[in-house]
Engineer: 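There's a structure below that I have some questions on.
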Amino acid sequence: MLGRLRTYFLTGVVVAAPIAITVWLVWWFVSLFDSWLKPYIPTVYNPDSYLPFSVPGVGLVFALVGITLIGALAANLVGRTLLNFGERTLDRMPIIRSVYKAVKQIFETALSSNASNFSSVGFIGYPREGVNVVCFIARELDSGEIGLEPGTTYYSAFMPTTPNPTSGFLFFVEKDQVTIMDLTVEEAAKLVISAGLVTPKQMREANVSISEDDDTLSMLIAHPDQVLKPGQKPARSGKKPAAKKPAKKR
């Protein structure tokens with residue numbers, strides 16, 4: 001009995017924990033924008049002025065509308081003129097211009113429609129030989145592109161940290177020092193986030209079982225009469241098989 005209760009409890013944790021964490025992250029993200037923008041929203045457009053309770057997400061909606069309007073403004077001649085004037089002003093500020101250009105380049109690269117994502121996943125020996133860490137291969141380049149003596153092929157590799165894969169280290173590694181793995185970027189990201197608890201083999205087996213369950217569920221939905229109850233025998237068709245007609249004698 002205690003073992004069964006323990007199993008139920010662990011199953012409940014596995015089911016409830018991801019849902020709770022996801023809801024908490026969404027609520028935190030919405031509340032962050034509300035705390036930033038709600039104080040600056042005019043009273044006329046703030047629904048909290050008319051309702052006895054606070055409406056979550058108003059700040060996020062205004063942020064999305066504002067960003068869209070800024071993008072529409074920057075797409076025409078007047079917006080580009082103002083944007084160029086602002087960038088020329090920032091270029092005269094010694095420290096701010098470096099920060100602005102770096103951040104702008106990151107966002108342009110990440111959000112560009114023709115930007116290439118990580119091409120493959122590899123292992124590199126770090127921090128010493130015999131210890132392998134997961135890295136994402138960004139691109140292949142010549143050593144002359146990064147200020148070294150030309151003629152050697154390097155990989156631009158990003159090594160993520162666990163459990164937060166958005167932070168990490170950038171490595172420029174010689175091509176022959178990287179072992180390319182038969183993993184997708186998604187599988188490697190899950191491997192990093194789970195701290196090695198979820199392996200690619202388990203992911204693939206789970207995908208196969210899910211697809212099989214989906215096929216079974218689709219079949220049962222389409223043919224519910226084929227579901228047998230315990231002890232029930234398969235039902236025979238109501239139609240009798242057609243009797244064979246005797247062959248006519250010639």
Side-chain angles (χ1 to χ4, degrees), residues 17-18 21-22 25-26 28-29 32 67 70-71 74-75 80 83-84 86-87 90-91 93-211:
I21 294 174
T22 303
L25 288 175
V26 172
W28 171 82
F29 185 75
L32 183 65
I67 292 173
I70 292 174
R80 287 196 298 269
L83 184 61
N84 292 333
E87 289 185 344
L90 290 175
D91 283 339
M93 303 179 182
I95 300 177
I96 297 179
R97 68 184 178 188
S98 301
V99 177
Y100 171 74
K101 288 182 178 180
V103 174
K104 181 182 178 182
Q105 186 175 6
I106 291 173
F107 275 88
E108 285 180 347
T109 303
L111 300 179
S112 177
S113 58
N114 57 356
S116 58
N117 298 321
F118 293 117
S119 58
S120 56
V121 179
F123 279 168
I124 59 176
Y126 178 85
R128 60 176 177 81
E129 186 178 356
V131 178
N132 295 318
V133 295
V134 177
C135 66
F136 299 110
I137 308 300
R139 59 186 292 254
E140 183 178 314
L141 47 83
D142 187 82
S143 53
E145 299 182 46
I146 53 177
L148 300 176
E149 184 178 353
T152 305
T153 304
Y154 273 72
Y155 276 141
S156 173
F158 172 72
M159 189 194 76
T161 56
T162 301
N164 179 18
T166 59
S167 63
F169 304 94
L170 173 64
F171 291 99
F172 292 100
V173 192
E174 293 185 14
K175 184 177 180 180
D176 56 359
Q177 299 296 321
V178 180
T179 303
I180 303 299
M181 305 304 297
D182 185 19
L183 299 176
T184 65
V185 176
E186 182 181 359
E187 289 175 345
K190 292 179 180 179
L191 181 64
V192 172
I193 294 173
S194 66
L197 296 176
V198 180
T199 62
K201 181 180 179 182
Q202 293 174 333
M203 299 177 206
R204 292 166 184 171
E205 290 177 351
N207 290 334
V208 170
S209 63
I210 289 174
S211 62

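Worth knowing before you read on, the calculation uses all heavy atoms, side chains too, and leaves out hydrogens, waters and symmetry mates.
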Engineer: What's the separation between atom SG in Cys135 and atom CD1 in Ile180, rounded to the nearest 0.5 Å?
Structural biologist: 7.0 Å
Engineer: Can you list the residues that meet the side-chain hydrogen bond (donor to acceptor under 3.5 Å, both in side chains) rule with Asn84, with sequence neighbours excluded?
Structural biologist: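 Listed in chain order: nothing, the list is empty.
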Engineer: For Ile96, does the CD1 atom have more than 12 heavy-atom neighbours from other residues, nucleotides or ligands under 6.0 Å away?
Structural biologist: no
Engineer: Between Thr162 (side chain only) and Ala195 (backbone N and O only), is there a donor and an acceptor less than 3.5 Å apart?
Structural biologist: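 Not confirmed, Thr162 side chain does not pair with Ala195 backbone.
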Engineer: Among all residues two or more places apart in sequence or in another chain, which pass the ring pair (Phe, Tyr, Trp, His ring centres under 6.0 Å) test with Phe29?
Structural biologist: Phe33
Engineer: What do you reckon, is CG of Leu25 surrounded by more than 12 foreign heavy atoms closer than 6.0 Å?
Structural biologist: yes
Engineer: Listed by chain and number, what are the salt bridge (Lys or Arg N to Asp or Glu O under 4.0 Å) partners of Glu186, not counting sequence neighbours?
Structural biologist: Lys190
Engineer: Does Tyr155 offer a backbone N or O that forms a donor-acceptor pair with the side chain of Arg139 under 3.5 Å?
Structural biologist: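 Between the backbone of Tyr155 and the side chain of Arg139 there is no qualifying donor-acceptor contact (under 3.5 Å).
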Engineer: Going by the rule side-chain hydrogen bond (donor to acceptor under 3.5 Å, both in side chains), which residues pair with Thr22 if we only count those two or more places apart in sequence or in a different chain?
Structural biologist: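 Listed in chain order: nothing, the list is empty.
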Engineer: Which distance, rounded to the nearest 0.5 Å, do you find between the NZ of Lys101 and the CG of Asp91?
Structural biologist: 4.5 Å
Engineer: Given side chains that start at C-beta, do those of Leu148 and Phe172 come closer than 4.5 Å, heavy atoms only?
Structural biologist: no
Engineer: Listed by chain and number, what are the side-chain hydrogen bond (donor to acceptor under 3.5 Å, both in side chains) partners of Ser119, not counting sequence neighbours?
Structural biologist: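 Ser119 satisfies side-chain hydrogen bond (donor to acceptor under 3.5 Å, both in side chains) with no residue once adjacent residues are dropped.
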Engineer: Within this structure, what is the OG-CZ distance for the pair Ser156 and Phe136, rounded to the nearest 0.5 Å?
Structural biologist: 13.0 Å
Engineer: Could you tell me whether a side-chain N or O of Ser143 sits under 3.5 Å from a main-chain N or O of Glu149, the two making a donor and an acceptor?
Structural biologist: yes
Engineer: Would you please classify the geometry between the Tyr126 ring and the Phe169 ring as parallel, tilted or perpendicular, with 30° and 60° separating the classes?
Structural biologist: tilted
Engineer: Using side-chain hydrogen bond (donor to acceptor under 3.5 Å, both in side chains) as the criterion, list what pairs up with Tyr100, not counting sequence neighbours.
Structural biologist: Glu87
Engineer: Is the backbone N or O of Thr184 less than 3.5 Å from a side-chain atom of Glu187, with the two atoms forming a donor-acceptor pair by type?
Structural biologist: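 Yes: the side chain of Glu187 pairs with the backbone of Thr184.
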Engineer: Provide the closest heavy-atom pair for Val134 versus Met159 in the form atom of the first, atom of the second, distance.
Structural biologist: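 Here Val134 and Met159 meet closest at O-CG, 3.5 Å.
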Engineer: Which atom names give the shortest non-hydrogen contact between Leu183 and Val121, and what distance separates them?
Structural biologist: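 Answer, listing the atom of Leu183 first, then Val121: O-CG2, 3.8 Å.
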Engineer: How long is the straight-line distance from CZ of Arg97 back to NZ of Lys104, given to the nearest 0.5 Å?
Structural biologist: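 Taking NZ in Lys104 and CZ in Arg97, the distance rounds to 15.0 Å.
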Engineer: Give the minimum heavy-atom separation between Ile137 and Gly122, together with the two atoms involved.
Structural biologist: CG1-N, 4.4 Å
Engineer: Above 12 or not: heavy atoms from other molecules or residues under 6.0 Å from CG of Asn164?
Structural biologist: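 Yes.
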Engineer: Measure the spacing between CD1 of Ile70 and CG of Leu83 and express it to the nearest 0.5 Å.
Structural biologist: 10.5 Å
Engineer: Just how far is it from atom CD1 of Ile146 to atom OH of Tyr154, taken to the nearest 0.5 Å?
Structural biologist: 6.0 Å
